[in-house]
Amino acid sequence: MIEIINRPKGTQDILPDEIELWHYIEETIRSLTQLYSFSEIRTPIFEATELFERSVGETTDVVQKEMYTFMDKGGRSVTLRPEATACIVRAYMENGMINQGAPRKLYYMGPMFRYERPQAGRLRQFHQFGIETIGSAHPTADFEVIEFSVALLRQLKLEETKLTINSIGCQKCRPQYREALKAYYLEKLNNLCEDCQRRYEVNVLRLLDCKVDKEATAGAPSILDYLCDECAEHFDQVKDLLVKASIEYEIDPRLVRGLDYYTRTAFEINTAALGGQSQILGGGRYDGLGEFLGGKPIPAVGFAAGLERIVMLLKKQRLDIEAEEGMLVSILPLGDAVFHHAFDFASRIRRRGIPVFVDVMNRNLSNRLKHAGRIGTRLAVVFGDNELEASIVTVKNMIDGSQAQVDAAYLEDYIEEKLELS
RNA sequence: GUGGUUGUAGCUCAGCUGGCAGAGCGCCUGACUGUGGAUCAGGUGGUCGCGGGUUCAAAUCCCGCCAGCCACCCCA
């Protein structure tokens with residue numbers, strides 16, 4: 001007995017039933033990016049492992065334990081991309097896009113891979129959409145990225161979402177805050193959970209969003225009190241722009257980012273409706289990334305959204321996607337002698353831009369009609385020997401059940417007319 | 001990676017303290033030899049997640065593994 005092979009853990013088959021929802025999301029994204037003048041960029045799904053080690057940061061979970069890394073046959077270590085920002089910046093530098101003027105506004109959409117324990121809204125292969133505005137250090141760039149993310153969710157008709165923002169400083173002021181935090185937590189260290197004791201050494205900022213030790217965190221110093229003048233001014237301007245655009249937000253000084261390259265603005269959009277994985281979108285400024293990757297410093301800001309989470313939310317909201325106007329014509333030939341005419345009719349109708357299904361099963365009319373009905377046929381073209389001898393076919397309207405004898409020579413005209421009338 | 005929980009037909013599930021694997025829906029066929037949706041009848045469909053153990057006998061009890069879900073962790 002040959003064993004049946006199942007899909008790999010943490011992956012998903014997206015079936016035809018669900019694909020309409022994906023198309024709806026993808027089309028909304030493409031039209032909105034166009035309206036905001038973001039251009040699509042496609043980069044490889046795997047990259048040199050070092051790209052992620054250098055950018056995402058070797059202390060993060062993503063690099064330490066979540067990467068799909070393997071040696072190729074040439075002895076190179078490559079990794080399935082766990083996120084795209086590093087890839088985009090790599091491509092930006094490699095292709096000399098810095099010479100194409102600033103800012104360069106890019107977007108991407110595609111699969112990402114992280115070796116994690118799967119859970120609702122968390123998969124090993126998942127899809128992200130993201131935008132990056134590269135080349136501008138100005139707060140208007142931060143604002144535009146945030147504004148776009150809000151507009152996108154509104155356009156998608158996603159309900160009950162909340163925007164949270166923060167500033168996490170820069171390489172100048174963050175170290176001082178880090179020290180202040182360490183000093184604050186030092187005396188409490190023994191009472192903290194195991195994870196937090198580890199975080200204390202690895203990445204103190206992460207202590208802030210620990211769910212176990214909420215009490216200890218309550219009195220912790222706020223990053224906002226440690227921002228340097230430039231960072232504070234930048235943050236003020238971003239907030240001011242948001243207020244003037246009537247975009248509601250909440251400031252959460254404990255909002256930090258897990259990835260090392262983030263600077264200044266950090267933001268997230270969350271929803272209460274999703275359970276454990278509440279974040280549907282997250283991003284911020286990453287002025288440090290260019291240098292991390294061995295290039296010039298390049299100011300940039302962007303975000304990434306999880307498409308599966310958007311799909312889940314929309315399903316939960318039971319959003320009715322307007323079904324495509326049903327235009328399908330089904331051709332139901334009766335008897336071996338007339339099968340070849342079916343394909344001739346089909347080509348002629350398809351040339352008018354009308355979708356056609358040809359029944360390629362050998363079964364009686366009753367079952368052919370049954371199947372035609374279930375796939376959403378609007379008009380069924382039925383014919384056997386007797387019709388074709390008279391050069392006619394029978395066209396049945398599947399919605400009201402009426403039918404007509406039609407001159408086979410003008411079948412496509414009749415169908416076109418019939419579909420446009422209804 | 002840690003903890004909890006679940007796994008029986010394509011789907012939803014029943015199957016008691018071990019005793020011949022079931023139902024509804026779906027699918028296929030027929031009633032209707034050329035007319036779908038309704039009705040009725042018949043049929044198809046399962047290594048009971050996988051492997052081992054206990055037993056005369058395991059879907060049922062025990063152990064291990066795999067997978068799903070939930071929470072932690074982390075993030076989109």
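So you know, we letter chains A, B, ... as the sequences are listed, proteins then strands, and number each from 1. Being a predicted model, the structure only gives us computed values, none of them experimental.
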Checklist entry - If the C1' atom of C62(B) is compared with that of G45(B), how far apart are they to the nearest Å? => result 32 Å
Item to check | Sugar-phosphate only, base, or nothing, as touched by Glu66(A) at under 4.0 Å among non-hydrogen atoms | outcome: sugar-phosphate
Checklist entry - Using a distance-only test with no angle check, is there a side-chain donor-acceptor pair under 3.5 angstrom linking Thr33(A) and Glu40(A)? => result no
Next on the checklist: Does anything in residues 144-170 of chain A form a ring pair (Phe, Tyr, Trp, His ring centres under 6.0 Å)? List the pairs, not counting sequence neighbours.
Outcome noted: Tyr36(A)-Phe148(A), Phe38(A)-Phe148(A)
Checklist entry - What are the two closest non-hydrogen atoms of Gly376(A) and Leu328(A), and how far apart are they? => result O-CB, 3.9 Å
Item to check | Whole-Å gap separating C1' (C75(B)) and CD (Gln128(A)) | outcome: 9 Å
Next on the checklist: Applying the side chain to side chain donor-acceptor pair (under 3.5 Å) criterion to Thr265(A), which one of Asn166(A), Asp142(A), Asp287(A) satisfies it?
Outcome noted: Asp142(A)
Checklist entry - Looking across every strand, which nucleic acid part, if any, lies under 4.0 Å from Ala304(A) by heavy atom: base, sugar-phosphate, or nothing? => result sugar-phosphate
Checklist entry - Are Gln279(A) and A76(B) close enough that a side-chain N or O sits under 4.0 Å from OP1 or OP2? => result yes
Checklist entry - Donor-acceptor pair, Thr271(A) side chain versus Glu160(A) backbone, under 3.5 Å? => result yes
Checklist entry - Roughly how far apart, to the nearest Å, are U17(B) and G53(B) at atom P? => result 25 Å
Checklist entry - So what does Glu387(A) touch, heavy atoms closer than 4.0 Å: a base, only the sugar-phosphate, or nothing? => result base
Next on the checklist: Between Phe292(A) and Tyr286(A), is the ring centroid distance below 6.0 Å?
Outcome noted: no
Checklist outcome for this item: Picking from U35(B), U2(B), A76(B), the nucleotide nearest the side-chain atoms of Arg117(A) would be U2(B)
Checklist entry - Looking at Ser136(A), Ser39(A), Ser37(A), which hits side chain to side chain donor-acceptor pair (under 3.5 Å) with Lys105(A)? => result Ser37(A)
Produce the list of close N/O pairs, under 3.5 Å, pairing protein atoms with atoms of nucleotides 24-32 of chain B; give distances to one decimal.
residue	atom	partner	partner atom	Å
C27(B)	OP1	Arg374(A)	NH1	3.1
C27(B)	OP1	Arg374(A)	NH2	3.1
U29(B)	OP2	Asn367(A)	OD1	3.3
U29(B)	OP2	Asn367(A)	ND2	3.2
G30(B)	OP1	Asn364(A)	ND2	3.4
G30(B)	OP2	Asn364(A)	ND2	3.1
G30(B)	OP2	Asn367(A)	ND2	3.2

Item to check | Between A76(B) (C1') and His127(A) (NE2): distance, integer Å | outcome: 12 Å
Checklist entry - Looking at the side chain of Lys396(A), which of A76(B), C73(B), G36(B) is the nearest nucleotide? => result G36(B)
Item to check | Arg122(A) (side chain) and C70(B) (base): donor-acceptor pair under 3.5 Å | outcome: no
Checklist entry - Would you call Tyr68(A) and Pro82(A) a side-chain contact if the rule is heavy atoms closer than 4.5 Å? => result no
Next on the checklist: Please encode protein proximity along nucleotides 5-11 of chain B as a string of B, S and -, counting only heavy-atom distances under 4.0 Å.
Outcome noted: -------
Item to check | Separation between the P atoms of A71(B) and G24(B), rounded to whole Å | outcome: 36 Å
Checklist entry - Ala120(A) side chain: which of G1(B), G36(B), C70(B) is closest? => result C70(B)
Item to check | Nucleotide G37(B), atom P - distance to CG of Leu369(A) in whole Å | outcome: 9 Å
Item to check | Counter-base of U55(B), judged by Watson-Crick or G-U geometry with both distances under 3.5 Å | outcome: none
Checklist entry - Do any N or O atoms from the side chain of Glu18(A) and from the backbone of Leu15(A) form a donor-acceptor pair under 3.5 angstrom? => result no
Checklist entry - Who pairs with Gln128(A) by side chain to side chain donor-acceptor pair (under 3.5 Å), at least two apart in sequence or on another chain? => result none
Checklist outcome for this item: Taking a pair to mean Watson-Crick or G-U wobble geometry with both distances below 3.5 Å, G22(B) pairs with C13(B)
Checklist outcome for this item: Assign each of Ala305(A) and Gly10(A) the nucleotide of RNA chain B bearing its closest heavy atom; nearer the 5' end lies the nucleotide of Gly10(A)
Checklist entry - Rounded to whole angstrom units, what separation is found between the CD atom of Glu268(A) and the P atom of A76(B)? => result 8 Å
Checklist entry - Is Leu281(A) touching bases, backbone alone, or none of the nucleic acid, heavy atoms closer than 4.0 Å? => result sugar-phosphate
Checklist outcome for this item: Taken to the nearest whole Å, CZ/Arg124(A) to C1'/A67(B) is 11 Å
Next on the checklist: Under 4.0 Å, heavy atoms only, any strand: does Leu123(A) hit a base, just the sugar-phosphate, or nothing?
Outcome noted: base
Next on the checklist: For Glu50(A), give me all partners under salt bridge (Lys or Arg N to Asp or Glu O under 4.0 Å), at least two apart in sequence or on another chain.
Outcome noted: Arg54(A)
Checklist outcome for this item: In Watson-Crick or G-U wobble terms, with both distances under 3.5 Å, the base opposite A67(B) is U6(B)
Next on the checklist: Under 3.5 Å for both donor-acceptor distances, Watson-Crick or wobble: does C32(B) have a partner, and if so which one?
Outcome noted: none
Checklist entry - With no hydrogens and no angle check, is any side-chain donor or acceptor of Arg309(A) less than 3.5 Å from a backbone partner on Gln279(A)? => result yes
Checklist outcome for this item: Under a 3.5 Å limit on both distances, the Watson-Crick or wobble mate of G45(B) is none
Checklist entry - Looking for any heavy atom pair under 4.0 Å, which part of the strands does Met398(A) touch: base, sugar-phosphate only, or nothing? => result base
Next on the checklist: When the P atoms of C16(B) and A59(B) are compared, how many Å lie between them, rounded to an integer?
Outcome noted: 12 Å
Next on the checklist: Taking only the C1' atom of each, what is the distance from G19(B) to C61(B) in whole angstrom?
Outcome noted: 15 Å
Item to check | d(CG, Asn6(A); C1', C65(B)) in whole Å | outcome: 15 Å
Item to check | Closest-nucleotide 5' rank along RNA chain B - winner of Pro8(A) and Phe126(A) | outcome: Pro8(A)
Checklist entry - U60(B) and A9(B): how far apart are their P atoms, nearest whole angstrom? => result 15 Å
Checklist entry - In whole Å, what separates the C1' atom of C32(B) from that of U8(B)? => result 37 Å
Next on the checklist: Taking any heavy-atom pair under 4.0 Å as a contact, classify Gly283(A): base, sugar-phosphate, or nothing.
Outcome noted: nothing
Item to check | Gln403(A) side-chain N/O to U35(B) phosphate OP1/OP2 under 4.0 Å | outcome: no
Checklist entry - Can you tell me how far P of U2(B) sits from OH of Tyr115(A), to the nearest Å? => result 11 Å
Checklist outcome for this item: Rounded to whole Å, NZ of Lys9(A) lies from P of G1(B) at a distance of 7 Å
Checklist entry - Distance between the P atoms of G30(B) and C20(B), in whole angstroms? => result 36 Å
Checklist entry - Listed by chain and number, what are the salt bridge (Lys or Arg N to Asp or Glu O under 4.0 Å) partners of Glu147(A), not counting sequence neighbours? => result none
Checklist entry - Contact class for Gly130(A) (heavy atom, under 4.0 Å): base, sugar-phosphate, or nothing? => result nothing
